[in-house]
Amino acid sequence: MCPLVDSYGRKINYLRLSVTDRCNFRCMYCLPEDGIPKVDHHDILSYEELLLLACSVVPLGIEKIRVTGGEPLVRNGIVRFLSDLSKIPGLRQLVLTTNGALLEEMAQRLREAGVQRLNISLDSLRPDTFASITRCGRLEKVLAGIRAAEEAGFPIKINVVAMRGVNDEEIVDFAEWTLEKPYAVRFIEYMPTRGEEIWQSRVISGEAILARIKERFPLQPVVRGEMAGPSRDYKIPGAAGSIGVITPISGHFCEECNRIRVTSQGMAKNCLFADSETDLKPLLREGNVEKLQHFLKRVVIAKPGKHLISYGNNNHAPFDMSRVGG
Ligand code: SAM
Ligand code: SF4
């Protein structure tokens, strides 16, 4: 079968699959405080439909699937679904992004289900700041979840959205954390997904983040592995873990983009900041794999060369990241 290649010659081998838009947190940059309108159960893809989608894309060259949300671990039956996904022949990597709140109870079962790696979002190591960013999260619970994940044998990446005036005082603390913890801590530039007027004042560029760390610790670059994501990684010499920066605003990684996204409602997105989406739900409900694959190829061909968001420009329609999955 002809692989997924876009009109710029980029090979698409990575699917980010959102399984729910619900969440047990209300992070200030992701969801409004009182949540978003509840989506009718019928409008969310069933596990059968999600599996059909995954089984249809792997023969097209998708080698890595990241399950995300909303918070994927709040959806009933998620462990069984992940176990089914992990058995798809040809799928090389099954990974999950989570806020970590339910990991203490679930980490071991996720490991047994065949999840290979976890990305855990954690924006603060201070209980008060953590509570105010997530609006309803408890730091202690997430830290217990991270420990459980480590005990279950997961390689762990920690995602920190760096925000000026919110958690930037902790950049060096997170770096120091990697001296002992074998985690890959990655700082992500704050993105204007919800179109807030003050977004520019929140952004701290990847360069500025690294500069703050270098005032305290030397950093040496880490060689990129196969299927490495957009993070530029470094290590404090002798540290157990590593430090990375992901720079969607100050330094596009669009040229290397290898991903497509599908929301929990079955909308395919060929770029995080694309305003248009393709509804795959009718095809999934019809069960027509050939037509579905044909549509996916069209979605990939139409993938834009790059997004146009930069520090000086935010030209996309606002959207809730919890719907798209990050
Ligand atoms: N609930 C899970 C979690 O928080 O890890 C998975 C979904 S969440 C939408 C995926 C990632 O998107 C998280 O790491 C989150 O920090 C990131 N994210 C959400 N909104 C963002 C924004 N405006 N700028 C940068 N990162 C954002
Ligand atoms: Fe929930 Fe993740 Fe969004 Fe936070 S970033 S509100 S944990 S979906």
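Counting starts at 1 for both ligands and their atoms, following the listed order.
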So, R212 and E170, do they make that salt bridge, N to O below 4.0 Å? no
Could you check whether E176 pairs with R216 (Lys NZ or Arg NE/NH1/NH2 to Asp/Glu carboxylate O, under 4.0 Å)?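 Between R216 and E176 there is a salt bridge, with a charged N closer than 4.0 Å to a carboxylate O.
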Of all the non-hydrogen atoms in the protein, which one sits nearest to [atom], and at what distance?
atom	answer
atom 14 (O) of ligand 1	S121 OG, 2.7 Å
atom 1 (N) of ligand 1	G70 O, 2.9 Å
atom 26 (N) of ligand 1	V161 CG2, 3.5 Å
atom 25 (C) of ligand 1	M191 CE, 3.5 Å
atom 10 (C) of ligand 1	G325 O, 3.7 Å
atom 21 (C) of ligand 1	Y29 CD1, 3.4 Å
atom 27 (C) of ligand 1	M321 CE, 3.8 Å
atom 12 (O) of ligand 1	G326 CA, 3.8 Å

Numbering as shown, the atoms of ligand 2 that approach L31 to under 4.0 Å (heavy-atom distance):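 Those of ligand 2 that fall under 4.0 Å from L31 are 6 (S).
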Near G70 (heavy-atom distance under 4.0 Å), the atoms of ligand 2 are 8 (S)
Under-4.0 Å heavy-atom contact with ligand 2, by part of C23 that carries it: side chain
